[in-house]
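Whatever order the structure lists ligands and atoms in, that order sets their numbers, starting from 1. If you're wondering where the values come from, they're calculated on a predicted model, not measured in any experiment. For reference, positions follow the sequence shown, starting with 1. Side chains included, hydrogens not; waters and symmetry mates left out as well; all remaining heavy atoms used.
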Amino acid sequence: DLIAPPADSPMRSRDFVFGCGTSSYQIEGATHTDGRLESIWDRFCATPGKVLRGENGDIACDHYHRLDEDLDILQRLGVDAYRFSIAWPRVMDAAGQPNAKGIAFYKRLLDGLGERGIKAFVTLYHWDLPQHLEDKGGWLNRETAYRFADYADLMSRKLAGHGDVAAWTTHNEPWCSAYLGYGDGHHAPGLKSNRWAAQAMHHLLLGHGLALPALRANAPQALHGIVANCAPGYADSDTAEDRDAASLFETYQNRWVLDPLLKGEYPADLWRLWKGCEPLVLDGDMDVIGRPIDYLGINFYSRAVLRSKGADTIAWVRHEGVERTTMDWEVYPQGMQDLFEAFKRDYPNLPPLYVTENGMSSHDGVDASGQVDDLQRQSYLKRHFAACSRAMANGVDVRGYFVWSLMDNFEWAFGYERRFGLVHVDFETQQRTLKRSALAYADFLRERAGR
Ligand code: GBH
């Protein structure tokens, strides 16, 4: 058995939710169809030098036109739940009015999941901001937080009654939107200032908090929360300086997002790293951001090893001879257990956790027999399932686990070269092929369901 969690794992309980995930811009394509507006990722991809080989999401997995086939694949996998995101530029026009055709697509998606007995975890924002909002400052403009709350209200009203939405997620990885988008410029909109990153983060989190009351009112049955990409930091040596560097890394990577949400304040030592970058915070903002959430989604991929480079400066250490993925990320399953147990210690009011993304990229090709033998992915998942099981055995409340990703897709600045899918996609023919990992996952899920 190459993929299943240990025999005594609490993840084998029927209440534990297994699924897989995608996001709108990474799979849908059809960027000019049915009145979809331009997003910041369309603009970013069209800017020379931003995305590997100049690729973009115009076609991607053509999911917008292959919805039924992809729903059938989800059914074949036997997942309990599917995590996807809504493309904001598809469902609202520039005046903030609903786009019925765009909304109809998500109704069909939810209905199709419902017919197949698959729960939905719906993310509102997985990075595809309408470009017209970016033209007014994007997440640097406080207004965007209020527009986001309007969008959340509209979608949770329009989609009510379709399928079985178990959870609404405001943002996927605000760290990426704020830091990669406005701080280091590797993601759309490609701006570069730590001060802007801090202000963008504040408005992203404010938008999250502002959206919660409408989501709760419109979808009282569902869980409401947010998803953060987190990683543990380990000191390269036992010196006080390196231990401080590892802690500063965790402040920047994890606490920058989690402290405002769960403690109602930004971590003070963030401003040691970024002197003078404090955002403008209005009275009452931190209360809005700290509104209670029902669950916290964690996207886990890897760890970081750090050493000090003098006062308040940290450096990433790259160890040779360790297992890596084609993203060059170290494979370090133990990090998931360490991270979750640290969260439990650090946040007394930690809500139930879901692993909303975990998975790896590898060079997967279809062989002569029509198989994709992605042994490393199966092993990666099995070891992370085991790490999650150990954290649960030590008292961490984890309720579900979503493999990233359902299928190979547009991997942002890396284009189509990096393949994270359980399902292989031939981007010439749009042919889908279940990799060995998908078949093994389906076997485990079938066995667990007693089918
Ligand atoms: C997620 O972001 C996204 O939600 C998803 O859309 C994307 O396809 C997927 O991951 C795969 O990339 O260099 O070892 O220190 C992940 C955010 C931020 C996680 C950078 C890894 C660096 C790891 N990533 N981080 S390492």
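Residue N172 approaches ligand 1 through these ligand atoms, each under 4.0 Å from one of its heavy atoms: 4 (O). Near S302, with a cut-off below 4.0 Å to any heavy atom, the atoms of ligand 1 are 14 (O). Ligand-side atoms of ligand 1 in range of C176: 17 (C), range being under 4.0 angstrom from any heavy atom. Short contacts between ligand 1 and H126, defined as distances under 4.0 Å to a heavy atom of the residue, involve ligand atoms 3 (C), 4 (O), 5 (C), 6 (O).
Relative orientation of the H171 and F148 rings is parallel, given thresholds of 30° and 60° on the angle between their planes. Note on ring orientation: taking the six-membered ring where Trp is involved, the planes of F444 and F385 are tilted (angle from 30° to 60°).
With a heavy-atom cut-off of 4.0 Å, S405 does not touch ligand 1 at all. Counting heavy atoms closer than 4.0 Å to ligand 1, residue L180 contributes nothing at all. Here A304 has no heavy atoms under 4.0 Å from ligand 1, in either its backbone or its side chain.
Contact detail for W88 and D128: the closest heavy-atom pair is CB-O, 4.1 Å.
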- Task: Given ring-ring contact (aromatic ring centres under 6.0 Å, His included), test F249 with Y234 step by step and report yes or no.
- Result: CA-CA 9 Å; F249 167 82; Y234 297 84; 9.5 Å; no

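Backbone and side-chain nitrogen or oxygen atoms of Q26 are examined, and one is located within less than 3.5 angstrom of a nitrogen or oxygen of ligand 1.
With respect to atom 26 (S) of ligand 1, the closest heavy atom belonging to the protein is W329 CD1, 3.7 Å. The protein atom (non-hydrogen) at minimum distance from atom 18 (C) of ligand 1 is N229 ND2, 4.0 Å. Nearest protein heavy-atom neighbour of atom 2 (O) of ligand 1: E173 OE1, 2.8 Å. The closest protein non-hydrogen atom to atom 8 (O) of ligand 1 is E411 OE1, 2.6 Å. Closest protein heavy atom to atom 9 (C) of ligand 1: Y301 OH, 3.4 Å.
Contact between W412 and ligand 1 is present, with at least one heavy atom of the residue lying under 4.0 Å from the ligand. Residue-ligand proximity: R303 is placed with a non-hydrogen atom under 4.0 Å from ligand 1. Not close to ligand 1: S23, with no non-hydrogen atom less than 4.0 angstrom away.
Here the two rings, on Y125 and W139, have centers that are under 6.0 Å apart.
At least one donor-acceptor pair closer than 3.5 Å links the side chain of S405 to the backbone N or O of G21. With hydrogens and angles ignored, the 3.5 Å screen pairs a side-chain donor or acceptor of R419 with a backbone N or O of V425.
Looking at H424 and T433, their side chains never bring a donor and an acceptor atom within 3.5 Å of each other. In summary, the side chains of T47 and R43 do not present any donor paired with an acceptor at a separation below 3.5 Å, with no hydrogens or angles considered. Side-chain atoms of Q253 and R255 form no donor-acceptor pair, as typed in the model, at a separation below 3.5 Å.
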